[in-house]
Amino acid sequence: MTESNFRPEYANADFATLLTDTGARAIQVQCTTQGEVLLQRFVQRAAGTKRHPGHRDEGNLQEFRAELLAGRYEPLDVPGPVLIWDTTDFDAVSADDLGEQIAALITSHAPPS
């Protein structure tokens with residue numbers, strides 16, 4: 001499992017190679033939200049004390065503003081399902097439901113024993 005805001009223009013080739021070389025399968029979870037919500041979350045996180053200062057988020061706001069306002073990154077161009085998970089309202093989403101969807105996909109695409 002990997003987690004990040006992978007940008008397709010930089011990550012597509014690496015993930016395609018990884019999947020080909022290892023025979024692994026991909027399930028992508030694309031988290032989305034309203035752009036203004038994502039921008040506000042970024043600003044709040046940058047102002048907080050929980051994130052390592054090496055990320056220097058407070059200095060990156062202008063650089064990332066347009067990307068944040070889009071509310072999402074495009075999924076990678078690799079084979080496999082993409083689950084869209086709208087996180088605009090955290091009270092309306094269920095990590096358990098997402099986990100069940102992922103488990104069902106893994107089970108339904110399991111290689112024969």
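What you see is a predicted model, and the numbers here were worked out from it, not measured in a lab.
Connection of Phe6 to Ile27 is not established within any shared hydrophobic cluster, with ILVMFWY side chains joined at heavy-atom distances below 4.5 Å, either directly or through further cluster members. Under a hydrophobic-cluster definition in which Ile, Leu, Val, Met, Phe, Trp and Tyr are linked whenever side-chain heavy atoms come within less than 4.5 Å, directly or via other members, Ile106 and Leu19 are assigned to different clusters. Residue Val29 is grouped with residue Leu105 when hydrophobic side chains (ILVMFWY) are merged at heavy-atom distances under 4.5 angstrom, including chains of intermediate members. Residues Phe42 and Leu69 share a hydrophobic cluster, clusters being chains of Ile/Leu/Val/Met/Phe/Trp/Tyr side chains in contact below 4.5 Å.
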If you apply the rule side chain to side chain contact (heavy atoms under 4.5 Å, CB included), what do you find for Phe15 with Thr2, and how did you get there?
CA-CA 11 Å; Phe15 273 91; Thr2 62; 3.8 Å; yes
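Shown here are the salt bridge (charged side-chain N to carboxylate O under 4.0 Å, His left out) partners of Arg65, two or more places apart in sequence or in another chain: there are none. Contacts of Ala13 classified as side-chain contact (heavy atoms from CB on, under 4.5 Å), with partners at least two apart in sequence or in another chain: none.
Once rounded to the nearest 0.5 Å, the distance linking CG of Leu38 with CD of Gln40 reads 10.5 Å. In this structure, the separation between CD on Gln28 and CD1 on Ile102 is 11.5 Å, given to the nearest 0.5 Å. A distance of 11.5 Å separates CG of Asp96 from CD of Gln101, quoted to the nearest 0.5 Å.
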Show me the donor-acceptor pairs within less than 3.5 Å that the side chains of residues 74-92 make with the rest of the protein, sequence neighbours left out.
from, atom 1, to, atom 2, distance (Å)
Glu74, OE1, Arg72, NH2, 2.9
Glu74, OE2, Arg72, NE, 3.2
Glu74, OE2, Arg72, NH2, 2.8
Asp86, OD1, Thr88, N, 2.8
Asp86, OD1, Thr88, OG1, 2.6
Thr87, OG1, Thr32, O, 3.1
Thr87, OG1, Arg41, NH1, 3.3
Thr88, OG1, Thr33, OG1, 3.0
Thr88, OG1, Gln34, N, 3.3
Asp89, OD1, Asp91, N, 3.0

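Side chains of Tyr73 and Gln30: no donor on one and acceptor on the other come within 3.5 Å.
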